Amino acid sequence: MRNVTLLFLLFFCIHNSDAFLSYCMRAFSSKKDFFSSIYDQVNNPLTKTLIDSYQVAYELKLFDGKRQVKEFSEGLKDMVEFLERSPTQKEREVLNNLNISIDMLIYRTSEIMEFVKQSSPEEALYFSKVTQAVFSIFSKYLPVILKQDLHQTEWSKVNLILQEVVNFDSRNPKFSLYKIERTIERWYSLREWILCRM
C-alpha cells in the first residue's frame, strides 16, 4: 500500500512540476524589483524620476551582482520615503548645508542614465562604475547625511562631488562623467566611494 501511495505522489509531482515551476518563476524570478511594485503608489514626480533612472541601470545590468542590487535598493527605499514626505527641520538644515538642489541632482542623474542607455553596450559597461558612484549618493550617502549631526559631515568634499553631478552637461556627457570620476578620486577610489568606505 505504501509503495502505491509513493508512486501516486511521484506521478502527481512529475505531472504538476510545470505548474509548480511556473509559480516559482513568477514568485522568485520576476525581472521587476520592488520599485516596480511601488511605482504607482508614489506621488512626487521626483521619486518617479529617480525610480526610472534606477530601473534603467538595473535593466542595463550596471550593478555588480545581486548583492549590490540589494544594497542599493535598500538604501533607495529610504530616499523614496524622504522624497514622499515633507522634510523635517533638521533635514532642511542639512539640505541648506549641501548647497545643491536635490531636484537638480535627480534630474541630472536621469540625464546621465539617458546618455548611458543610448550608449553602446561596451560604453555602458565602461561607465558602470561612475553610474554606481552616482547611485550611491542616493542609496548610501544622502539617507545617512540627512540623519546625521550637522557637524559630522565633511561638507566641502560632499558638496564638490554632488556639485559635479549637478554640473553634468548632456552636450558633453563623456567629459562630464570623467569629471565626476576625477572629483571623487581626489579623495577616494571609486570603489571606496561606491562601498561607502571613507
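Keep in mind it's a predicted model, so treat the numbers as computed, not measured.
Looking at Glu84, its side chain does come within 3.5 Å of a backbone N or O of Asn43 through a donor-acceptor pair. No side-chain donor-acceptor contact under 3.5 Å links Ser170 to the backbone of Glu111.
Looking at residues two or more places apart in sequence or on another chain, you find no side-chain contact (heavy atoms from CB on, under 4.5 Å) involving Lys61. For Pro45, there are no side-chain contact (heavy atoms from CB on, under 4.5 Å) partners, not counting sequence neighbours. Among residues two or more places apart in sequence or in another chain, the side-chain contact (heavy atoms from CB on, under 4.5 Å) test is passed with Glu114 by Gln118. For Val166, the side-chain contact (heavy atoms from CB on, under 4.5 Å) test picks out Ile100, Met104, Leu105, Gln163, with sequence neighbours left out.
Residue pairs meeting the salt bridge (charged side-chain N to carboxylate O under 4.0 Å, His left out) criterion with at least one partner in residues 132-141, sequence neighbours excluded, are Glu71-Lys140.
Closest non-hydrogen pair, Ser53 versus Met113, comes out as O-CG, 3.6 Å. Among all heavy-atom pairs drawn from Val165 and Arg108, the shortest one is O-CB, 3.4 Å. Considering every non-hydrogen atom in both Lys147 and Lys90, the closest pair reads O-NZ, 2.7 Å. In this structure, Asn96 and Asn99 approach most closely via the heavy-atom pair O-OD1, 3.2 Å. Ser136 and Trp193 get closest at one heavy-atom pair: OG-NE1, 3.1 Å. Across all their heavy atoms, Ala133 and Ile184 have their closest contact at CB-CD1, 3.7 Å.
At a threshold of 4.5 Å between side-chain heavy atoms, the hydrophobic network of Ile, Leu, Val, Met, Phe, Trp and Tyr places Tyr141 and Tyr107 in one connected group. Val69 and Val134 fall within the same hydrophobic cluster, where Ile, Leu, Val, Met, Phe, Trp and Tyr residues are linked whenever their side-chain heavy atoms come under 4.5 Å apart, directly or through other members. A continuous path of Ile, Leu, Val, Met, Phe, Trp and Tyr side chains, each step under 4.5 Å between heavy atoms, connects Leu190 with Trp187, placing both in one hydrophobic cluster.
From Gln55, atom CD reaches atom CG of Leu50 across 10.5 Å, with rounding to the nearest 0.5 Å. Put simply, CD1 on Ile137 and CD1 on Ile106 are 11.0 Å apart, with the number rounded to the nearest 0.5 Å. The distance from atom CD1 of Ile112 to atom CD1 of Ile180, rounded to the nearest 0.5 Å, is 4.0 Å. Here Ser110 contributes atom OG and Ile51 contributes atom CD1; the two are 12.5 Å apart, rounded to the nearest 0.5 Å. Within the model, atoms OG1 of Thr88 and CD of Glu93 stand 8.5 Å from one another, a figure rounded to the nearest 0.5 Å. Atoms CG and OG, on Leu46 and Ser101 in that order, are 8.0 Å from each other to the nearest 0.5 Å.
Taking the centre of each ring, Phe72 and Phe63 come in below the 6.0 Å mark. Checked against the 6.0 Å centroid criterion, the rings of Phe82 and Phe138 do not qualify as a close aromatic pair.
The aromatic rings of Phe115 and Phe168 lie tilted to each other, with the angle between the two planes from 30° to 60°.
Between Asn44 and Val80 the shortest side-chain heavy-atom distance does not fall below 4.5 Å.
Between Glu123 and Lys174 there is a salt bridge, since a side-chain N of the basic residue sits under 4.0 Å from a carboxylate O of the acidic one.
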Quiz item: Stepwise, does the side-chain contact (heavy atoms from CB on, under 4.5 Å) test hold for Arg182 with Arg186?
Solution: CA-CA 6 Å; Arg182 295 301 300 148; Arg186 285 173 65 181; over 6 Å; no
Quiz item: Is there a salt bridge (Lys or Arg N to Asp or Glu O under 4.0 Å) between Glu81 and Arg85 once you walk through the steps?
Solution: CA-CA 7 Å; Glu81 187 269 330; Arg85 61 172 172 76; 2.7 Å; yes
Practice problem: With side-chain contact (heavy atoms from CB on, under 4.5 Å) as the test, would you mind laying out the steps for Leu177 and Glu181 before giving the verdict? | Solution: CA-CA 6 Å; Leu177 290 174; Glu181 181 178 349; over 6 Å; no
Practice problem: Assess whether side-chain contact (heavy atoms from CB on, under 4.5 Å) is satisfied between Leu160 and Glu164, documenting all intermediate values. | Solution: CA-CA 6 Å; Leu160 284 170; Glu164 208 55 67; over 6 Å; no
Practice problem: May I have the step-by-step check of side-chain contact (heavy atoms from CB on, under 4.5 Å) for Ile161 and Tyr188, ending in yes or no? | Solution: CA-CA 11 Å; Ile161 292 168; Tyr188 322 104; 4.2 Å; yes
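With a 6.0 Å radius and a threshold of 12 heavy atoms from other residues, nucleotides or ligands, Arg92 has its CZ atom above the threshold. For CZ of Arg67, the number of neighbouring non-hydrogen atoms (other residues, nucleotides, ligands) closer than 6.0 Å is 12 at most.
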Sequence neighbours left out, cut at 3.5 Å: what donor-acceptor pairs do the side chains of residues 124-131 make with other protein atoms?
unit_1, atom_1, unit_2, atom_2, d
Ser128, OG, Leu125, O, 2.8
Lys129, NZ, Asp64, OD2, 2.4
Thr131, OG1, Phe127, O, 2.9

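Side-chain contact annotation: Ser73 with Tyr58, donor-acceptor N/O pair under 3.5 Å absent.
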